[in-house]
Amino acid sequence: MHIDLGSLESVRRFSREFRASGRRLRALVCNAAIYMPLLKEPLRSPEGYELTMTTNHLGHFLLANLLLEDLKNSPENDRRLVILGTVTHNPDELGGKIPPRPNLGNFEGFAAGFKDPVSMIDGKKFEPVKAYKDSKVCNVLTMRELHRRYYDSTGITFSSLYPGCVADTPLFRNHYPLFQKIFPWFQKNITGGYVSQELAGERVAAVVADPEYKQSGAYWSWGNRQKKNGKSFVQKVSPQARDDEKGDRMWELSAKLVELA
């Protein structure tokens with residue numbers, strides 16, 4: 001079933017088609033992302049919003065809210081909603097220390113309507129790498145707000161994970177060709193943070209299905225991330241991502257932007 005997370009109308013259409021199909025929903029994995037570090041000017045969604053934030057955050061925010069009832073009404077006892085995270089959301093970790101650092105400000109850009117000429121969540125000048133990092137902070141805030149607002153009433157497990165640096169996926173297709181060659185080598189041989197697509201997929205599947213990951217509100221990570229037998233643990237998220245006041249404001253403004261009834 002077709003869905004484009006960069007188009008809010010596509011998300012709405014998908015949710016209608018999914019519901020009409022009569023399928024049951026036991027788990028929803030929010031994994032779509034774009035990263036366009038070489039842009040000089042922002043791209044826009046059909047709604048006029050900056051495209052990175054739309055695809056990575058607003059589209060998932062809308063999708064999760066539209067399908068929440070489907071998850072809630074699933075006859076299975078173990079229902080989960082998983083949002084993929086990244087080390088770059090967290091300036092307390094090495095991968096998050098590299099500038100530009102994420103900073104949501106007071107959501108000035110969202111409050112101003114997030115349309116031209118506004119392109120950043122904090123209302124400042126467009127910076128494509130920061131747009132990606134900001135969107136991933138919003139992903140973690142969304143997971144935590146879903147847990148805070150709906151876990152007790154629905155029993156759905158809301159969680160996130162960072163499986164390690166999957167350095168050779170198409171996420172980097174919009175970067176310099178030389179970067180696409182060097183980055184995987186660097187992660188494998190210098191930082192040791194590289195994980196294969198297969199291993200990352202196994203870790204996502206575990207968080208979706210294994211009993212040990214049925215812990216709502218958790219952000220999962222792995223020690224010795226590049227090793228298949230690395231041990232998982234619940235990691236502390238970034239200061240912004242654990243700020244409940246920011247989470248509440250993010251929710252309120254995101255709901256307004258996606259016209260959530």
- Message: I need the single residue from Arg19, Arg24, Arg23 that forms a side-chain hydrogen bond (donor to acceptor under 3.5 Å, both in side chains) with Asp70. Which is it?
- Response: Arg19

- Item | Residues which pass ring pair (Phe, Tyr, Trp, His ring centres under 6.0 Å) with Tyr151, listed by chain and number, not counting sequence neighbours | His147

- Message: My understanding is that only residues two or more places apart in sequence, or in another chain, count here; which of them pass ring pair (Phe, Tyr, Trp, His ring centres under 6.0 Å) with Tyr213?
- Response: Trp220

Can you measure from [atom1] ([X]) to [atom2] ([Y]) and round to the nearest 0.5 angstrom?
X      : Y      : atom1 : atom2 : value
Leu25  : Ser15  : CG    : OG    : 11.5 Å
Phe126 : Glu50  : CZ    : CD    : 5.0 Å
Leu260 : Ser254 : CG    : OG    : 10.0 Å
Asn139 : Asp134 : CG    : CG    : 11.0 Å
Asp243 : Ser238 : CG    : OG    : 9.5 Å
Leu253 : Cys138 : CG    : SG    : 10.0 Å

- Task: Check the pair Tyr219, Ser159 against side chain to side chain contact (heavy atoms under 4.5 Å, CB included), reporting the backbone distance first and the verdict last.
- Result: CA-CA 6 Å; Tyr219 182 91; Ser159 61; over 6 Å; no

Could you work out, with side-chain contact (heavy atoms from CB on, under 4.5 Å) as the rule, every residue matching [X], not counting sequence neighbours?
X      : answer
Thr142 : His57, Phe61, Ile83, Leu146, Met250
Thr157 : Arg80, Lys214, Ser216
Asn103 : Lys130, Gln240

- Would you check if there is a donor-acceptor pair between the side chains of Glu76 and Ser74 at a distance under 3.5 Å? yes

- Query: Any chance the side chains of Ser10 and Asp4 put a donor and an acceptor closer than 3.5 Å?
  - Reply: no

Check whether [X] reaches the backbone of [Y] with its side chain - one donor and one acceptor, N or O, closer than 3.5 Å.
X      : Y      : value
Asp122 : Lys124 : yes
Ser135 : Tyr132 : yes
Lys72  : Leu67  : no
Arg13  : His2   : no

Determine the minimum heavy-atom distance between [X] and [Y], stating which atoms define it.
X      : Y      : result
Asp248 : Arg148 : OD1-NH2, 3.6 Å
Ala33  : Asn56  : CA-OD1, 3.1 Å
Tyr162 : Thr86  : CD1-CA, 3.5 Å
Leu257 : Tyr49  : O-OH, 2.8 Å
Ala218 : Met143 : O-CE, 3.6 Å
Ala27  : Leu71  : N-CD2, 3.9 Å

In residues 106-121, what donor-acceptor pairs under 3.5 Å come from side-chain atoms, sequence neighbours left out?
| from | atom 1 | to | atom 2 | distance (Å) |
| --- | --- | --- | --- | --- |
| Asn106 | OD1 | Arg249 | NE | 3.4 |
| Glu108 | OE1 | Asn106 | N | 3.0 |
| Glu108 | OE2 | Asn106 | N | 3.4 |
| Lys115 | NZ | Glu47 | O | 3.3 |

- Item | Any Ile156 side-chain heavy atom under 4.5 Å of Leu68 side chain | yes

- Message: Contact between Val137 and Leu104 at the side-chain level, heavy atoms closer than 4.5 Å - yes or no?
- Response: yes

- Take Ile34 and Leu43, measure what side chain to side chain contact (heavy atoms under 4.5 Å, CB included) needs, and give me the verdict at the end. CA-CA 11 Å; Ile34 57 172; Leu43 300 178; over 6 Å; no

- Task: Please lay out, stage by stage, how Met36 and Val129 fare under the test side chain to side chain contact (heavy atoms under 4.5 Å, CB included).
- Result: CA-CA 7 Å; Met36 297 178 288; Val129 176; over 6 Å; no

- Query: Are Glu17 and Ile3 close enough, and set up right, to give a side chain to side chain contact (heavy atoms under 4.5 Å, CB included), and what steps lead you there?
  - Reply: CA-CA 10 Å; Glu17 292 175 355; Ile3 183 171; over 6 Å; no

- Item | Derivation and outcome, salt bridge (Lys or Arg N to Asp or Glu O under 4.0 Å), residues Glu9 and Arg16 | CA-CA 11 Å; Glu9 179 51 39; Arg16 293 193 297 267; 3.2 Å; yes

